[in-house]
S.K.: 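Take a look at this one; I'll ask things after.
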Amino acid sequence: AVLHEQLVMLLNPMGAEHRLDLGIRSELGDPDDLFTSGAHVEGGISTAISPVYAIGGGYLEVAPLSFLVLRGEIVGATVWPIGMSGAGHYALGGYGSDVHPQALPAEDAGTASGWLATVSATLQGALELSTGVRLLLVSELGLTRAVMGEAPFYYSMKHDLVLAREDFVLTSSSFLGMEVRAASDLVVRFGAYDDLRHVPGSGYVGHQLGPVVMLEWAHVTPEVGSLALFVRGGGYTHHVTRESEATILGGIAIDYELGGL
């Protein structure tokens, strides 16, 4: 049994999300084999809660090889207003609607429910450069089917863009950087990320990039397999309202090992 917990705080847009994945995991590979080390199958319950939405459902993750992770999840979602401009469910007339905060007053925000189905594939690898120093590459490609509310179009708080009531979102997230072992139980990672979101129905492209720094401790306690602190900066090269603006994100991620069943 495993539990993955993540808390993220974000500025521009302002927000926060607490995510929990509770699952059953079975190792598939040989830990001493380069191509199957870390191979596994895992399934369970996934939840994500923020001040303006709640998401919950099931997930299945399969890593047949050390460098490939496949994941699928289906979740229900509910969005509600909190008395702030731009926070809540906003019915819109089309993809090109104005979604600047002043165009989304708090009194117009509503509540809506729906569901999201996501499939993703992650490629990951590490190259040993010297003792305790590795080059890292992680790249994830995902496709989400989102159905929300009754309005023909709306502003998606989760994806930070305009979607039709039934729509697809294509995402691509990559990280290239270095990992340096600072102690037997501590590694430091730093590098650059690239994040892209595309809505095929409208042709919209949102893109941001910047630096990332992470500290990760392993085997903190018998129950805590890893604990990581991370900060991500950068800015938007393309965005519906924030192009050329800066953004910053910080958070904590913990992996719990709950023991065999």
S.K.: Is there a donor-acceptor pair closer than 3.5 Å between any side-chain N or O of Ser37 and the backbone N or O of Leu34?
M.R.: no
S.K.: Out of curiosity, Asp185 CG to Trp217 CH2, how far, rounded to the nearest 0.5 Å?
M.R.: 9.0 Å
S.K.: Measuring from Asp21:CG to Ser46:OG, what's the distance to the nearest 0.5 Å?
M.R.: 4.0 Å
S.K.: Give the minimum heavy-atom separation between Ala151 and Arg165, together with the two atoms involved.
M.R.: O-CB, 3.1 Å
S.K.: Taking Val119 as the starting point, is it possible to reach Leu68 by hopping between hydrophobic residues whose side chains are less than 4.5 Å apart?
M.R.: no
S.K.: Could I get the full list of salt bridge (Lys or Arg N to Asp or Glu O under 4.0 Å) partners for Arg134, not counting sequence neighbours?
M.R.: Glu179
S.K.: Measure the spacing between OG1 of Thr171 and CD of Glu140 and express it to the nearest 0.5 Å.
M.R.: 6.0 Å
S.K.: Please tell me if the side chains of Leu161 and Val199 come closer than 4.5 Å, counting only heavy atoms from C-beta onward.
M.R.: yes
S.K.: Decide yes or no for Phe230 and Leu249: does some side-chain heavy atom of the first lie under 4.5 Å from some side-chain heavy atom of the second?
M.R.: yes
S.K.: Any salt bridge (Lys or Arg N to Asp or Glu O under 4.0 Å) involving residues 220-246? Give me the pairs, sequence neighbours left out, ordered by first then second residue.
M.R.: Asp160-Arg242
S.K.: Check Met9 against Ala16 and note the closest heavy-atom contact, atom names and distance.
M.R.: SD-CB, 3.5 Å
S.K.: With a 4.5 Å limit on heavy-atom distance, are the side chains of Leu10 and Thr247 in contact?
M.R.: yes
S.K.: Going only through I, L, V, M, F, W and Y residues with side-chain contacts under 4.5 Å, is there a path from Trp115 to Met148?
M.R.: no
S.K.: Between Asn12 (side chain) and Ala246 (backbone), is there a donor-acceptor pair under 3.5 Å?
M.R.: yes
S.K.: Any side chain to side chain donor-acceptor pair (under 3.5 Å) pairs touching residues 85-95, not counting sequence neighbours?
M.R.: Tyr95-Asp167
S.K.: How far does NE2 of His198 sit from CG of Leu196, to the nearest 0.5 angstrom?
M.R.: 8.5 Å
S.K.: Show me the pairs that pass salt bridge (Lys or Arg N to Asp or Glu O under 4.0 Å) and involve residues 144-156, at least two apart or across chains.
M.R.: Arg145-Glu166
S.K.: Membership question, hydrophobic clusters at under 4.5 Å side-chain separation (ILVMFWY): are Leu136 and Phe190 in the same one?
M.R.: no
S.K.: Is there a donor in the side chain of Asp194 and an acceptor in the side chain of Ser174, or the other way round, less than 3.5 Å apart?
M.R.: no
S.K.: Mind checking whether His207 and His239 have side chains closer than 4.5 Å, heavy atoms only?
M.R.: no
S.K.: Is a donor on one side and an acceptor on the other found under 3.5 Å between the side chain of Thr36 and the backbone of Leu65?
M.R.: no
S.K.: Heavy atoms only: give me the nearest Ala39-Glu27 pair and the separation to one decimal.
M.R.: O-OE1, 3.4 Å
S.K.: For Val79 and Tyr53, work out which heavy atoms get closest and say how close.
M.R.: CG2-CB, 4.1 Å
S.K.: Who passes side-chain contact (heavy atoms from CB on, under 4.5 Å) against Val138, sequence neighbours left out?
M.R.: Thr122, Gln124
S.K.: Under the criterion side chain to side chain contact (heavy atoms under 4.5 Å, CB included), I'd like the reasoning laid out for Tyr154 against Val162: C-alpha separation, chi angles, the key distance, then a yes or no.
M.R.: CA-CA 6 Å; Tyr154 68 100; Val162 178; over 6 Å; no
S.K.: If I compare all heavy atoms of Val188 with all of Ala182, which pair ends up nearest, and what's the gap?
M.R.: CG2-CB, 4.2 Å
S.K.: Please tabulate, one pair per line, all N/O donor-acceptor pairs under 3.5 Å involving side-chain atoms of residues 54-62, not counting sequence neighbours.
M.R.:
unit_1	atom_1	unit_2	atom_2	d
Tyr59	OH	Glu42	OE2	2.6
Glu61	OE1	Arg71	NH1	3.4
Glu61	OE2	His40	NE2	2.8

S.K.: Would you say Tyr256 and Ile254 make side-chain contact, with heavy atoms under 4.5 Å?
M.R.: yes
S.K.: Nearest 0.5 Å, please: how far is CG in Leu3 from CG in Asp255?
M.R.: 8.5 Å
S.K.: Give me the atom names and distance for the closest heavy-atom approach of Ser113 to Thr78.
M.R.: OG-OG1, 3.3 Å
S.K.: For Arg189 and Val213: C-alpha separation, side-chain torsions, deciding distance, then whether side chain to side chain contact (heavy atoms under 4.5 Å, CB included) applies.
M.R.: CA-CA 6 Å; Arg189 300 188 183 103; Val213 177; over 6 Å; no
